[in-house]
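Below, chains carry the letters A, B, ... as their sequence lines are ordered, and counting in each starts from 1.
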Amino acid sequence: MSPILAINGLSKQFGGVTALAGVDLAIEEGEILGVVGPNGSGKTTLFNVVTGVHRPSGGTVLFRGQDITGLKPHAISRAGIGYTFQQAMAFAGLGVLENVRIAGEHVGTDSTANPWPTPQALLDFVGLSAVANEKAGVLPFGSLRLLGLALALATRPSLLLLDEPAAGLNDRETTALVGLVRQLPGHGISVCVIDHDMKLMQMLCRRLAVLDFGSKISDGPTEAVLADPKVLEVYLGGDL
Amino acid sequence: MTEGLHQDRAGCGLKALRSLLPVLVILALIALVPLFSPSNRFLSLAISAGINVIALYGLSVLFGQTGILSMGHAALVGVGAYAAAILARDFGVGFWAALPAAALASAAFAMIVGIPSLRVGGHHFVIMTFAFGQLLAIVLTNGGDYTGAATGLDLAGPVTLFGADMSDLTRYYLMVVAFVTTAAVASWAIINSSYGRTLRAIRENEKLAASLGINVGRHKIGAFVVSGIFAGISGVLLAYFLGHISPSQFSSFPSIYLALMVMIGGARLIEGPLAGGILVAFLPEVLNLDPVQSRIVYGVCLIAVIMLLPDGLIGGVVRALRAALSGKPKPETQQRNATPSEARR
Ligand SMILES: Nc1ncnc2c1ncn2[C@@H]1O[C@H](COP(=O)(O)OP(=O)(O)OP(=O)(O)O)[C@@H](O)[C@H]1O
Ligand SMILES: [Mg+2]
């Protein structure tokens, strides 16, 4: 089966800084792929270039076989790629329910069947029904992350990119998040997740890709990657 | 589940309708003013205020909902006013036909200014609209006989409705109240539609909005165009009311006044434009201020509102009333305490 997302030779320069140096990466249909790497290795940039936040300096991105390289963020979203930001965000001045309602009102036409047909159903799924009428801005941080996830899901993605979704969450919240993300492939949503927490990545991902200085240095089954000498070298001194 | 949602929808609709009610009641009362035989001066002031309020309702969609500030909005009113005057002079087009034509002209101008200006975003837009306002005044002043140069244009045509002459001050007043009501309802309808939600999303967080499939640039231009429609109609009413228009009426000062009015009233509330327009028109009269003094007072008011009352005067009053009634501090703090804050790393 062809991958849902095929990244070929993707590169990105910021002035003199090479954030991505020709990355090849495939995300398979129905998997949860993990992307790890030290700070500044280009993980967020990889997402930003795929989602149109930044224009790539070179390379192509194929989504379900279609070239989506360099499309604008809103077009990428409508094509069926949802994403959450490393900085948790929501529409702070608006109600939680209104947030989710907005997110569901700009769905691309050829989106797949919707497991959560109403904003309320999505809030139930992420466990935020109780705060549906609160302003998003007053939510505690953990709830804000979950709302961010709900917003991305409301766009009915078939591929979801999560940038450090558990950063800043306590253990209980992290466990809840893992439970949610694991259900996504069953709903027809492939996932690619960035995180520094290897325990979390081992729970979520059967496959890992490792970035270092903008290049992919390892890619394969989680256990094999974590035993890869090149990866161990990068994380030398760190807690793997 | 579905039933709950329907109830929720109905609840939303009802809540939305309730928010419109106070404005309709106030406007109904305002429509009764002629019964108390007010002076001509009062009626004239009220008509000017009402004409401003129509433009303010458009500005509230732009600033209050979308978060974009136009500092050249009087120029869009001017486009409407000059369109009406030129259409009447050159083509014998009357008041009612001028309305859609002028609305279209102002909307088109908004699009022409908006496309390059909104690309650059944020503060640049404020500067661009300001520059556009100045530019229009210069063009009108140097337009020779076509625009009447610095003296401007006369517009002598009568305004008739079902055969009745509306030029009479009381009748024109009532007609303006009807237009204000339409503008308020239109702005309310926008605020409570999916389109309004989209604009608020852009106001709150453009990056997030774009990630959710919202074409931010297109909708920002759209909101400016919508505000242009209100401005164009306001311009036609102004031109026919005054019977004479000149470039200085649409330059930077009137633009700043419009922005000030919508901020003082509160751009996000449906009562805001009405309150702002009336207040700014009548305050100098009530306090007996000369133009220089009133400018100072407005300046101080504006700073006070920006610093103390983000929702404008009406928003501030409502919040103060709520706090006084419940005997509790600001609702915001209340909500924060109600949600148990969870551990953060
Ligand atoms: N908008 C930008 N302008 C300039 N340089 C940038 C920009 N975004 C990222 N960079 C640079 O690109 C490199 C990769 O950054 P990126 O944010 O992708 O790393 P990351 O792997 O996500 O790191 P972290 O784990 O800390 O989130 C860094 O050197 C960073 O400074
Ligand atoms: Mg990052």
**Asked** Of the backbone (N, CA, C, O) and the side chain (C-beta and beyond), which part of A:A152 lies under 4.5 Å from a heavy atom of chain B, both, or neither?
**Response** backbone
**Prompt:** Any Lys/Arg nitrogen of A:E105 or B:R197 sitting under 4.0 Å from an Asp/Glu carboxylate oxygen of the other?
**Reply:** yes
**Prompt:** Of the listed residues (B:G217, B:A210, B:S211), which shares the most heavy-atom pairs with chain A below a 4.5 Å separation?
**Reply:** B:S211
**Message:** Quick check on A:Q202: does its CD atom have over 12 non-hydrogen neighbours (other residues, nucleotides or ligands) under 6.0 Å away?
**Reply:** yes
**Asked** Given a strict heavy-atom distance threshold of 4.5 Å, which part of A:F85 is in contact with chain B: side chain, backbone, both, or neither?
**Response** side chain
**Message:** Other residues, nucleotides and ligands only: do more than 12 of their heavy atoms fall within 6.0 Å of CD on A:Q13?
**Reply:** yes
**Message:** Could you check whether atom CZ of B:F132 has more than 12 heavy atoms from other residues, nucleotides or ligands sitting under 6.0 Å from it?
**Reply:** yes
